[in-house]
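Quick notes on the structure that follows.
Each ligand, and each atom within it, is numbered from 1 in the order the structure gives.
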Amino acid sequence: MDIKFGGKRALVTGAGKGIGRSTAKMLVKCGAEVIALSRTQEDLDSLKKEEPAIQTVCIDLCDIEATLKTVESIGDIHLLVNNAGIAILGPFEEAKPEDFDKIFSVNVKAPLFIAQVVAKKMIASGFGGAIVNVSSQASKKALKNHILYCSTKAAVDMLTKSLALELGPHQIRVNAVNPTVVLTDMGRLGWSDPAKAKPMLDQIPLGRFAEVEEVVHAIVYLLSDKASMVNGTILPVDGGFLAQ
Ligand code: NDP
């Protein structure tokens, strides 16, 4: 698939590691001017070393005021990838209000309000744009000890659909990708123990977890003009997990 983003500016959150980092690098390869936002400066420094053209922004999305000020200052964005996310796992009985606030701040509040700042500029420019939110298979199927995480990702799916509805008339498409387990730092947190991984693998018809690149390809497709009529989609990248 020949995808070119020449002349486009892209903002990727959570670009220091994992899926976000690879997405930022792929967008550069496709010709976009990329702004990589993340929380750990060393990750951004090493990314910049690998891809000197990338601009980096070090900020914690939990500080929503500073985040929105920064995003506002970045200028026009044509492609937004709301990728940053955290997982706080544990049984329902042990969930804490402060964990609820933290995970909803990063996984739901930040994407919503970043999209608001970016979309206002897209609307003012009149050129439209594309937004991809990185959700999860966990939005659609309850997973044991994932009550906070699953709840945030269900919210991300509805956020995606609501934005698609409201922004569509401005030629701004909004879609989500919903991966199965990917063995990034986050994926390893929940699934590196073979005793936990096996029952999950048994429910994935393709019999394996996803590779980072497989998620990146779905994101890049949804951002591109090849998906010009795709809006409000929740796209599983899950080897068939959600088909059952
Ligand atoms: P990683 O933990 O590997 O990377 C997440 C990135 O987001 C890191 O660079 C991290 O920075 C950054 N980040 C996290 N919190 C903040 C914050 N408050 N402010 C700024 N940056 C932040 O995760 P993945 O690449 O695996 O996950 C990316 C997305 O994919 C997430 O939304 C996740 O929910 C989703 N997903 C992941 C799956 C998996 O199995 N890995 C499966 C399904 C969905 P730092 O390290 O400095 O905190």
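Among all non-hydrogen protein atoms, the one lying nearest atom 23 (O) of ligand 1 is Met186 CB, 3.5 Å. Protein heavy atom closest to atom 46 (O) of ligand 1, with residue, atom name and distance, is Lys17 NZ, 2.5 Å. Scanning all protein heavy atoms for the shortest distance to atom 43 (C) of ligand 1 gives Pro179 O, 3.4 Å. The protein atom (non-hydrogen) at minimum distance from atom 20 (C) of ligand 1 is Ile59 O, 3.3 Å. Nearest non-hydrogen protein atom to atom 3 (O) of ligand 1 is Thr184 CB, 3.5 Å. For atom 40 (O) of ligand 1, the closest non-hydrogen atom on the protein side is Val182 N, 2.8 Å. Of the protein's heavy atoms, Thr40 OG1, 2.3 Å lies nearest to atom 47 (O) of ligand 1. Protein heavy atom nearest atom 18 (N) of ligand 1, with residue, atom name and distance: Asp60 OD1, 2.9 Å.
At least one donor-acceptor pair closer than 3.5 Å links the side chain of Asn231 to the backbone N or O of Val174. Of the possible donor and acceptor atoms, none in the side chain of Arg39 sits under 3.5 Å from a partner among the backbone N and O of Asp60. Counting only distance, with no hydrogens or angles, the side chain of Ser125 and the backbone of Met122 share a donor-acceptor pair below 3.5 Å. Not a single donor-acceptor pair under 3.5 Å links the side chain of Glu51 to the backbone N or O of Val28. Remark: the backbone N or O of Val132 is not paired with any side-chain donor or acceptor of Arg173 at under 3.5 angstrom.
No part of Leu183 comes within 4.0 Å of ligand 1, judged by heavy-atom distances. With a 4.0 Å cut-off on non-hydrogen atoms, Ala87 does not touch ligand 1 at all. Of all the heavy atoms of Asn83, the ones lying under 4.0 Å from any atom of ligand 1 are found in both the backbone and the side chain. Counting heavy atoms closer than 4.0 Å to ligand 1, residue Gln137 contributes nothing at all. The backbone and the side chain of Val134 each have at least one atom closer than 4.0 Å to an atom of ligand 1 (non-hydrogen atoms only). At a 4.0 Å heavy-atom cut-off, ligand 1 touches Val106 through the side chain alone.
Considering every non-hydrogen atom in both Leu44 and Thr56, the closest pair reads O-CG2, 3.7 Å. Pairing each heavy atom of Asn133 with each of Ile131, the nearest pair is OD1-CG2, 3.8 Å. When all heavy atoms of Gly85 and Val106 are compared, the pair lying nearest together is CA-CG1, 4.1 Å.
Using a non-hydrogen distance threshold of 4.0 Å, Ser135 registers as a contact of ligand 1. Ligand 1 has Lys153 within reach: a non-hydrogen atom of the residue lies less than 4.0 Å from it. Contact analysis puts Tyr149 in contact with ligand 1, with a non-hydrogen atom separation below 4.0 angstrom. Within the structure, the closest approach of Val212 to ligand 1 does not fall below 4.0 Å when heavy atoms are considered. Judged by the shortest distance from any of its heavy atoms, Thr180 lies inside the 4.0 Å radius around the atoms of ligand 1.
One option in Ser22, Gly187, Gly14 has a heavy atom closer to atom 12 (C) of ligand 1 than any other, and that option is Gly14.
Between Ser135 and the choices Asn178, Asn175, Asn107, the side-chain hydrogen bond (donor to acceptor under 3.5 Å, both in side chains) rule is met once, by Asn178. Of the residues listed (His78, Lys8, Gln55), the one engaging Glu33 in a side-chain hydrogen bond (donor to acceptor under 3.5 Å, both in side chains) is Gln55, and it is the only one.
Residue contact check: Ile86 has heavy atoms under 4.0 Å from atoms 14 (C), 15 (N) of ligand 1.
Considering backbone and side-chain N/O of Val181, none are found under 3.5 Å from N/O of ligand 1. Close N/O approach between Leu61 and ligand 1 is found [any backbone or side-chain N/O within under 3.5 Å]. When only interatomic distances are considered, the shortest N/O to N/O separation between Arg39 and ligand 1 falls below 3.5 Å. No N or O atom of Gly20 sits closer than 3.5 Å to an N or O atom of ligand 1.
Going from atom NZ of Lys153 over to atom NE2 of His146 covers 11.0 Å, rounded to the nearest 0.5 Å.
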Contacts under 3.5 angstrom, residues 14-27 side chains, donor-acceptor by atom type, not counting sequence neighbours:
residue	atom	partner	partner atom	Å
Lys17	NZ	Asp43	OD2	2.7
Arg21	NH1	Gly16	O	2.9
Arg21	NH1	Asp43	O	3.1
Arg21	NH1	Ser46	OG	3.3
Arg21	NH2	Ser46	OG	2.9
Arg21	NH2	Glu50	OE2	2.9
Thr23	OG1	Ile19	O	2.7
Lys25	NZ	Glu50	OE1	2.4

With salt bridge (charged side-chain N to carboxylate O under 4.0 Å, His left out) as the criterion, how do Asp99 and Lys102 come out once you've worked through the C-alpha distance, each side chain's angles and the decisive distance to 0.1 Å?
CA-CA 5 Å; Asp99 290 341; Lys102 186 172 179 196; over 6 Å; no
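Considering only residues two or more places apart in sequence or on other chains, Asp202 meets the side-chain hydrogen bond (donor to acceptor under 3.5 Å, both in side chains) condition with Lys198.
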